[in-house]
Protein chains: 2
Amino acid sequence: MTTPKRRLPVMADVAKEAGVSHQTVSRVLNDHPNVRPDTRARVEEAITRLGYRRNLVARALVTKRSRTLGVVSFDTTLYGPASTIYGIEQAARTAGYFISIVSLKSIDAGSVRDAIDYLAEQGVDGVVVVAPQRSAGRALENLPPGMPAVAVEGTHSADVSVVCIDQIEGARLATRHLLELGHETVWHVSGPADWLETEGRIEGWRAALEEAGRPVPEPLAGDWSPRAGYEAGKSLAAMDGVTAVFAGNDQMALGVLRALSEAGVRVPDQISVVGFDDIPESEFFSPPLTTVRQDFDVVGRHCIEVLLRQIDLGSATYERLVVPPGFVVRSSTSPAR
Amino acid sequence: MTTPKRRLPVMADVAKEAGVSHQTVSRVLNDHPNVRPDTRARVEEAITRLGYRRNLVARALVTKRSRTLGVVSFDTTLYGPASTIYGIEQAARTAGYFISIVSLKSIDAGSVRDAIDYLAEQGVDGVVVVAPQRSAGRALENLPPGMPAVAVEGTHSADVSVVCIDQIEGARLATRHLLELGHETVWHVSGPADWLETEGRIEGWRAALEEAGRPVPEPLAGDWSPRAGYEAGKSLAAMDGVTAVFAGNDQMALGVLRALSEAGVRVPDQISVVGFDDIPESEFFSPPLTTVRQDFDVVGRHCIEVLLRQIDLGSATYERLVVPPGFVVRSSTSPAR
DNA sequence: AGGGGCTATATGACCGAGCACATCTTGCGG
DNA sequence: CCGCAAGATGTGCTCGGTCATATAGCCCCT
């Protein structure tokens, strides 16, 4: 009944209601110290009475800070990006920032550029790019001027901060585990070319093999999908002497397991399999999957920390934050017979 | 070298550069018809020369339209919400809208309210709420005035538009499939209480059973997680006469499969299992899972369509859009022996 | 009592666009 | 060659906040 007009109340309305100036209302809203307690109370009461909310758009216009962070990501449907973004969102909101998401389907440098430009136009205070392809990384090399940015799993070279999980170490963990179980060597089903994760995992796997003086078989190329793992698994089942397989991620490991099971190969008795990611399902695969654990949540949180630091300092100091991977042993690996 | 100041170019700069007024620049930017071609060209050239981008924040302030849509969702890590949001994002971006996401960990009406308020403050033009719990639905019953909203899987009663997949029909499909294979009855591992999907799936399952005049066993309560399915599967394996199980989602089905396998029960020979969702992994479960297919992508797209319609019309006409589920038969079901 | 140094509050400009309206062109019919 | 309507462009205000600065009130000290 106290709404003669449809229009939402603005600061001036609150000011009038409380018998002060709009500036005082602003002070109350921004927790300025120099406001007498009773004035503050009066203003606060007026605010709730009118149901006033401050207009963040107007605020952003003058402060030139939107308190919104952009996230550009490749296929947010995948477990990794989805979890990372979840971590980002939680951390950002706690810090009082909004998250604006652009999710890409194709991943050339051009579309990443476009996405960043798009977000820049909207006035985001910074961007985190979750697009761990080599080509996507290139888009970060000439950002809009003055735009703070952090990349997840980015290249080492670019002029941006990077937060990543140690892929090489993860792959080494997986490979060593299999080697220590007595396997002569380890086959690898890799992710798609151009992905930094793919490269890192191949590198770590190869390194572990070479350190142990073992032969390095040709990796089987996949694309992260269970289907690709399935195809690779069929090839592996048909080959001689395969006793241990390191799949580039858990979904491909699932496909491998399926193919081996269809081929009548028992896991882990005849072939041991390890994955990468530790998705929630992998504990219940048949058999439960031994895998490298990635803590996407902390990656997300670190991204926000790094980004906010960059925004607040205004300076261009590029950090590189490496999160160590974990390793969880379940039932898909066993000693070589 | 043409940057005497750090400040980004604004409309006035472009205007000066092109020798016109800021209003003409605005016209060019907004594709107004009444601009002479050569003027337009001159302005466009000035824009690229200066690298001008329009400030959407300022634009939003005066137009009172931010071209941003809010999404509040429960646990964006789950496949369903993640896929829905993906669809939403794609559709929104094509329509020229940004997406601002708030992802909730706990899901009471209060936190949904808070999230919506938070987004309202930011000035979103509308919200889609992906929080299919009964309690979350209640938060939609008194939205900020004039805020267009659409709920995914929302309650029927509330004064909001709803886009949903026909859960009852999906469950019925699953149950009938098992009945038609000759199973006497079908056990059900349900989702967590309070979820609308849980209720719908129980309802459809029960209806199919009753229509066929079959006994309706007590459902086993789960929580969508593979672990819950695993526990339920252990119980099921210990029971007599169980030949068919309808799991509330694919992850729980995975847990059931695992438990049965551990108990030495062969699927589908001894027990048939069907899931719900059709996550990308389920085709490669052991055995490949027969399941109800939900097209989250089209749900997301429909959300945006409905929401934009509501925004453009400004009117409060509430729609209810029901997407039919699919059904995909794989190898986890077979005729009763 | 007077003045210095605070604190508390008010005033007006400003951020960068769009909108309404005014003004100046242009084209065309009579 | 004039008049008039439509087309093209410019002017000034507005959106709803914050910032810089001015001003009023207060306490304390000499």
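Convention: sequence-line order gives letters A, B, ...; per-chain numbering from 1. Not measured: the values here are computed from a predicted model.
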> Report the nucleotide, chosen from D:dG16, D:dG10, C:dT9, that has the shortest atom-to-atom distance to any side-chain atom of A:Val35.
C:dT9

> Below the 4.0 Å mark, does C:dG18 have OP1 or OP2 next to a side-chain nitrogen or oxygen of B:Thr63?
no

> Rounded off to whole Å, could you give me the NE2-to-C1' distance for the B:His22 and D:dT9 pair?
11 Å

> Counting side-chain heavy atoms from C-beta on, which of C:dC19, C:dA10, D:dG17 comes nearest to A:Gln23?
C:dA10

> Rounding to a whole Å, what distance do you find between B:Asn30:CG and C:dG16:P?
18 Å

> Measuring from the side chain of A:Val62 (C-beta onward, heavy atoms only), which nucleotide among D:dA20, C:dA17, D:dG16 has the closest atom?
D:dG16

> At under 4.0 Å, does any side-chain N or O of B:Lys64 touch on OP1 or OP2 of C:dG18?
no

> Measure from CZ on A:Arg59 to P on D:dC15 and round the result to the nearest Å.
20 Å

> Base, sugar-phosphate or nothing for A:Val20? Non-hydrogen atoms, less than 4.0 Å.
sugar-phosphate

> Just N and O in the side chain of B:Arg36: are any of them under 4.0 Å from OP1 or OP2 of D:dT9?
yes

> Could you check how far CE of B:Met11 sits from C1' of C:dC15, rounded to whole Å?
14 Å

> Does the side-chain contact (heavy atoms from CB on, under 4.5 Å) test come out yes or no for A:Val129 and A:Leu140, once each step is laid out?
CA-CA 9 Å; A:Val129 178; A:Leu140 292 173; 3.6 Å; yes

> Round to a whole Å and report the spacing from CD of A:Gln122 to P of C:dG16.
17 Å

> Tell me if the CZ atom of A:Arg93 is crowded by more than 12 foreign heavy atoms within 6.0 Å.
yes

> Side-chain N or O of B:Thr39 versus OP1/OP2 of D:dT9: is the shortest distance under 4.0 Å?
yes

> When you check the phosphate oxygens OP1 and OP2 of D:dA6, does a side-chain N or O of B:Asn34 lie under 4.0 Å from one of them?
no

> Would you please classify the geometry between the A:Tyr79 ring and the A:Phe296 ring as parallel, tilted or perpendicular, with 30° and 60° separating the classes?
perpendicular

> Taking N and O atoms by type only, does the side chain of B:Arg27 place a donor or acceptor under 3.5 Å from a partner on the base of D:dG10?
yes

> Rounded off to whole Å, could you give me the CG-to-C1' distance for the B:Leu61 and C:dG18 pair?
10 Å

> Can you check whether B:Arg65 has a side-chain N or O nearer than 4.0 Å to OP1 or OP2 of C:dG18?
no

> Does a side-chain N or O of B:Asn55 approach OP1 or OP2 of C:dC15 to a distance below 4.0 Å, or not?
no

> For B:Asp125 and B:Lys64: C-alpha separation, side-chain torsions, deciding distance, then whether salt bridge (charged side-chain N to carboxylate O under 4.0 Å, His left out) applies.
CA-CA 9 Å; B:Asp125 296 339; B:Lys64 297 178 178 311; over 6 Å; no

> Quick one: on DNA chain D, does B:Pro33 or B:Ala58 contact a more 5' nucleotide (nearest heavy atom)?
B:Pro33

> Report the distance from atom CG of A:Asp31 to atom C1' of D:dT18, rounded to the nearest whole Å.
15 Å

> Considering just the side-chain nitrogens and oxygens of B:Ser26, establish if one lies under 4.0 Å of OP1 or OP2 belonging to C:dG18.
yes

> Less than 4.0 angstrom between a side-chain N/O of A:Tyr52 and OP1 or OP2 of D:dG17, yes or no?
yes

> For the residue pair B:Trp195 and B:Phe74, categorise the inter-ring angle as parallel (less than 30°), tilted (30 to 60°) or perpendicular (more than 60°).
perpendicular

> Under 6.0 Å from the CZ atom of B:Arg42, do we count more than 12 heavy atoms belonging to anything else shown?
yes

> For the pair made of NE2 in A:His32 and P in C:dA8, what is the distance, rounded to whole Å?
12 Å

